[in-house]
Amino acid sequence: MEITDIRVTLRNEDKLKAFVNITFDNQFVIRGLKVINGKSGYFVSMPSRKRPDGTHQDIAHPVNNESRRFIEEQVLAAYQKELESTESSAGIPSDG
């Protein structure tokens, strides 16, 4: 399976940095992934819903670590590209 489209909507919140939608093979879309700035750096949170007991349950998620890494690498690269594009169009110098 191939990721054929990634759409990033930047956010400027303390932890939430972007919402992301990804398309697989031009046929299947997953909406509502999040780029989060955590204690150990950036990571991708899968779309989830809040249960009555206050915990969260993923709505869609990879079934193995290899798939999770693949999605996370692609999403974080698209996030970085969108961030750099926005900074350059606004005349803001990039951090590198």
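Just so you know, these numbers come straight off a predicted model, no measurement behind them.
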Check your understanding: What's the verdict on side-chain contact (heavy atoms from CB on, under 4.5 Å) for R68 and M46, showing C-alpha distance, side-chain angles and the deciding distance?
Key -> CA-CA 10 Å; R68 182 174 295 278; M46 295 297 138; 3.9 Å; yes
Between [X] and [Y], which heavy-atom pair has the shortest distance, and what is it?
{"X": "V8", "Y": "A18", "answer": "CG1-CB, 3.8 Å"}
{"X": "S45", "Y": "I36", "answer": "CB-CG1, 4.0 Å"}
{"X": "Q27", "Y": "T23", "answer": "N-CG2, 4.0 Å"}
{"X": "Y42", "Y": "V35", "answer": "CD2-CG1, 4.0 Å"}

[Y] reachable from [X] in the ILVMFWY side-chain graph, under 4.5 Å edges:
{"X": "F24", "Y": "V75", "result": "yes"}
{"X": "I71", "Y": "F43", "result": "no"}
{"X": "L16", "Y": "V44", "result": "no"}
{"X": "F19", "Y": "L33", "result": "no"}

[atom1]-[atom2] distance between [X] and [Y], expressed to the nearest 0.5 angstrom:
{"X": "I3", "Y": "E73", "atom1": "CD1", "atom2": "CD", "answer": "10.0 Å"}
{"X": "Q80", "Y": "S85", "atom1": "CD", "atom2": "OG", "answer": "11.5 Å"}
{"X": "I59", "Y": "R31", "atom1": "CD1", "atom2": "CZ", "answer": "13.0 Å"}
{"X": "E82", "Y": "E84", "atom1": "CD", "atom2": "CD", "answer": "10.5 Å"}

**Study point:** Full working for side-chain contact (heavy atoms from CB on, under 4.5 Å) between N21 and I30
**Key:** CA-CA 6 Å; N21 301 331; I30 300 177; over 6 Å; no
For the pair [X] (side chain) and [Y] (backbone), establish whether a donor and an acceptor sit closer than 3.5 Å, ignoring hydrogens and angles.
{"X": "D25", "Y": "M1", "value": "no"}
{"X": "D58", "Y": "A60", "value": "no"}
{"X": "S67", "Y": "V63", "value": "no"}

Point to revise | Candidate pair N26 and T4, rule side chain to side chain donor-acceptor pair (under 3.5 Å), full reasoning | key: CA-CA 6 Å; N26 291 314; T4 51; 3.2 Å; yes
Check your understanding: Got more than 12 heavy atoms from elsewhere within 6.0 Å of CD, Q57?
Key ->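 Yes.
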Review point. Tell me, do H56 and K50 make a side-chain contact under 4.5 Å, heavy atoms counted?
Key: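 Result yes, sub-4.5 Å side-chain heavy-atom pair found.
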Check your understanding: Are the side chains of I6 and Y79 in touch, meaning some heavy atoms are under 4.5 Å apart?
Key ->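 I6 vs Y79: side chains apart.
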Exercise for review: May I have the step-by-step check of side-chain contact (heavy atoms from CB on, under 4.5 Å) for N12 and L10, ending in yes or no?
Suggested key: CA-CA 7 Å; N12 191 19; L10 297 175; over 6 Å; no
